[in-house]
Participant: 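One structure, pasted below without further comment.
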Amino acid sequence: VTTKPGLPSKEPFQLERAQTNDLVFKQVAPRLYFEDFATHQHRAGTRKFRLLAVNIPRIKVTARLFTGDTTPVAIKAYDKYEEFNDDRAQDEMYTRVDVEKLPGQVIWERELKPNLTVDKPELLPLSWDEILGANKTGTVLLTAESIDPVTSERKRVGTQAVIQLTDIGSVWKRDSTGLTLHLFSLTTGESLANTHLRLLDPERNELAEAVTDAEGGANLPYFGESRWVFAQREADGHLISINSGDASVPLYRLGVTDDSGDEVDPNVIFLFTERGVYKPGDIVHLKGF
């Protein structure tokens, strides 16, 4: 790119001589991304999970299934994915989870070949019906990696995600008396009675247990080291993170301030409901301050 002498600028200034600079356009760095990290999906939902590929000619995708007591093992192991590691590439944010050492079972492997257009991202939908079977539930750790070295350092790139496909929905609250939970079917909205609940710490040790009543309700004590409630019903299971920021609704997102200053805006009202989930035809009760 050459700029001629005498080119005027917005400021009272002109170039005295020509300026020449080389400009090089490089390809976008090869990357793979799943649509989420550690997440949950409705068993009867879209039954899809998407993979985004950029400048990758061949991809190997592996699905490892975890059921029963191996589910907390998978979720705990996935913590490593976002931990810093000196061994990872300089421009890579995540650390590969060594899934080969985990107790789950490999249930699906495929080689994918995206339409290789330079710098054009391609969205590759993965089907849970193909991976797990129609309407099946389970916890799956997906690993997608380039088959060939694709970086300038001749390294492969990849991405991982752990997904819980379940029909067990839950709402809960924590107060001075402990945890109060309500479990329901995501498909029908009906309460889930006789669901076994286990309160687990970060090392998967059981702290307490309970069984939901006819209305899908249960109570558990709360300890400082509590991390999950593991709900199990027949072949379905859901590991619920009770300390996850994703499970809370901060007041500032609702435009409500919780400042404790002396000045109170008389035009601000805070409205809330008595619970977070309703069935069709239920009456919603509101309280306001």
Side-chain angles (χ1 to χ4, degrees), residues 28 30-68 70-72 74-75 77-79 81-82 93-94 96-97 99 102 104-117 119-147 150 156-171 183-190 192 231-241 244 246-247 277:
V28 174
R31 280 293 183 271
L32 291 169
Y33 299 102
F34 280 123
E35 64 177 87
D36 211 333
F37 296 89
T39 190
H40 322 258
Q41 283 193 337
H42 180 3
R43 181 194 67 185
T46 63
R47 305 289 292 178
K48 302 288 184 184
F49 198 71
R50 295 169 296 180
L51 173 66
L52 184 70
V54 183
N55 292 335
I56 307 285
R58 296 192 304 155
I59 306 165
K60 179 182 178 181
V61 183
T62 304
R64 187 175 289 264
L65 175 65
F66 299 83
T67 56
T70 64
T71 299
I75 305 298
Y78 190 78
D79 287 347
Y81 189 67
E82 297 189 59
M93 295 177 60
Y94 306 106
R96 186 184 191 276
V97 178
V99 292
L102 298 179
Q105 174 189 3
V106 175
I107 58 169
W108 187 82
E109 284 186 341
R110 288 292 185 276
E111 179 179 332
L112 306 178
K113 294 182 178 179
N115 297 321
L116 197 60
T117 303
D119 288 354
K120 183 179 180 180
E122 183 170 357
L123 205 56
L124 306 169
L126 306 179
S127 169
W128 290 123
D129 287 345
E130 180 183 343
I131 295 172
L132 277 173
N135 212 35
K136 295 289 186 180
T137 63
T139 297
V140 179
L141 205 162
L142 290 173
T143 301
E145 296 176 304
S146 63
I147 295 176
V150 291
R156 298 185 301 153
V157 299
T159 185
Q160 291 176 304
V162 61
I163 306 98
Q164 298 186 68
L165 276 91
T166 181
D167 185 51
I168 300 175
S170 63
V171 289
L183 275 73
F184 57 94
S185 166
L186 291 169
T187 303
T188 66
E190 295 178 355
L192 294 181
Q232 290 179 282
R233 177 181 170 84
E234 299 174 352
D236 198 359
H238 190 183
L239 189 68
I240 304 160
S241 179
S244 171
D246 294 337
V277 175

Participant: Do Arg43 and Leu186 come close enough that some side-chain heavy atom pair is under 4.5 Å?
Facilitator: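 Arg43 does not reach Leu186 side chain to side chain.
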Participant: Please round to the nearest 0.5 Å and tell me the distance separating atom CD of Glu122 and atom CG of Leu116.
Facilitator: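 Result: 9.0 Å between the selected atoms.
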Participant: Kindly indicate whether the side chain of Val150, heavy atoms from C-beta on, has any atom under 4.5 Å from the side chain of Pro57.
Facilitator: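 They are in contact (side-chain heavy atoms under 4.5 Å apart), so the answer is yes.
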Participant: Under 4.5 Å between any side-chain heavy atoms of Trp108 and Val61, yes or no?
Facilitator: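 Yes. Closest side-chain heavy atoms under 4.5 Å.
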Participant: Apply the test side-chain contact (heavy atoms from CB on, under 4.5 Å) to residues His40 and Ile240: give CA-CA distance (whole Å), side-chain angles for both, the deciding distance (0.1 Å), then the verdict.
Facilitator: CA-CA 10 Å; His40 322 258; Ile240 304 160; over 6 Å; no
Participant: Looking at every non-hydrogen atom in both residues, tell me the closest pair between Pro30 and Ile56 and how far apart they are.
Facilitator: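 Heavy atoms of Pro30 and Ile56 come nearest at CB-CD1, 3.5 Å.
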Participant: Just wondering, do Ser127 and Lys48 contact through their side chains at under 4.5 Å, heavy atoms?
Facilitator: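 A side-chain contact under 4.5 Å exists here.
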Participant: Can you find a heavy atom in the side chain of Thr62 that is under 4.5 Å from one in the side chain of Glu145?
Facilitator: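 Result no, sub-4.5 Å side-chain heavy-atom pair not found.
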Participant: Nearest 0.5 Å please: distance from the CD1 atom of Ile59 over to the CZ atom of Arg156.
Facilitator: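 Output value for this atom pair is 12.5 Å.
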Participant: List in chain and number order the residues that pass ring-ring contact (aromatic ring centres under 6.0 Å, His included) with Phe37, two or more places apart in sequence or in another chain; answer none if no residue qualifies.
Facilitator: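 For Phe37, the residues satisfying ring-ring contact (aromatic ring centres under 6.0 Å, His included) (neighbours in sequence not counted) are Tyr94.
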Participant: Which pair of heavy atoms, one from Tyr78 and one from Ala161, lies closest together, and at what distance?
Facilitator: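 Reported closest heavy-atom pair: OH-CA, 3.7 Å.
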Participant: Does some side-chain heavy atom of Val28 sit less than 4.5 Å from a side-chain heavy atom of Arg31?
Facilitator: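 With C-beta onward as the side chain, the pair stays apart.
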Participant: So, taking the atom named CG in Leu123 and the one named CZ in Arg50, what distance separates them when rounded to the nearest 0.5 Å?
Facilitator: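 Here the rounded value is 5.5 Å.
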Participant: For a 4.5 angstrom cut-off between non-hydrogen side-chain atoms, does Phe34 reach Leu126?
Facilitator: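 Yes, close enough: below the 4.5 Å cut-off.
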Participant: Is the number of heavy atoms from other residues, nucleotides or ligands under 6.0 Å of Glu111 CD greater than 12?
Facilitator: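 Enclosed.
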Participant: Taking all non-hydrogen atoms of both residues into account, name the closest pair between Leu239 and Gln164 and its distance.
Facilitator: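 Reported closest heavy-atom pair: N-OE1, 2.7 Å.
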Participant: Please report the interatomic distance OG1(Thr166) to CD1(Ile168), rounded to the nearest 0.5 Å.
Facilitator: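 Answer rounded to 0.5 Å: 4.5 Å.
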Participant: Using a 4.5 Å cut-off on heavy atoms from C-beta on, say whether the side chain of Phe49 contacts that of Ile131.
Facilitator: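 No - every pair of side-chain heavy atoms lies 4.5 Å or more apart.
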Participant: What is the minimum heavy-atom distance between Phe184 and Val171, and which atoms define it?
Facilitator: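 Here Phe184 and Val171 meet closest at CE2-N, 4.2 Å.
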Participant: What verdict does the side-chain contact (heavy atoms from CB on, under 4.5 Å) test give for Leu183 and His238, after you've listed the backbone C-alpha separation in whole Å, the side-chain angles of each residue and the deciding distance to 0.1 Å?
Facilitator: CA-CA 11 Å; Leu183 275 73; His238 190 183; over 6 Å; no
Participant: How far does CZ of Arg64 sit from CD of Gln105, to the nearest 0.5 angstrom?
Facilitator: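 Here the interatomic distance stands at 9.0 Å.
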Participant: If you look at every heavy atom in Thr117 and Asn55, which pair is closest and at what distance?
Facilitator: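 Shortest heavy-atom separation between Thr117 and Asn55 comes out as O-OD1, 3.9 Å.
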Participant: With a 6.0 Å cut-off (strictly less than), is the heavy-atom count around CZ of Arg110, excluding the residue itself, greater than 12?
Facilitator: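 Yes, the 6.0 Å shell around CZ holds more than 12 heavy atoms from other groups.
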Participant: Show me, pair by pair, the donor-acceptor contacts under 3.5 angstrom made by side chains of residues 134-144, not counting sequence neighbours?
Facilitator:
from, atom 1, to, atom 2, distance (Å)
Thr143, OG1, Gln160, NE2, 3.1

Participant: Enter the distance from Leu65:CG to Thr70:OG1 here, rounded to the nearest 0.5 Å.
Facilitator: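 The OG1 atom of Thr70 is 7.0 Å from CG of Leu65, to the nearest 0.5 Å.
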Participant: Please evaluate residues His42 and Thr187 with respect to the criterion side-chain contact (heavy atoms from CB on, under 4.5 Å), reporting the C-alpha separation (whole Å), side-chain torsions for both, the decisive distance (0.1 Å), and the verdict.
Facilitator: CA-CA 8 Å; His42 180 3; Thr187 303; 3.3 Å; yes
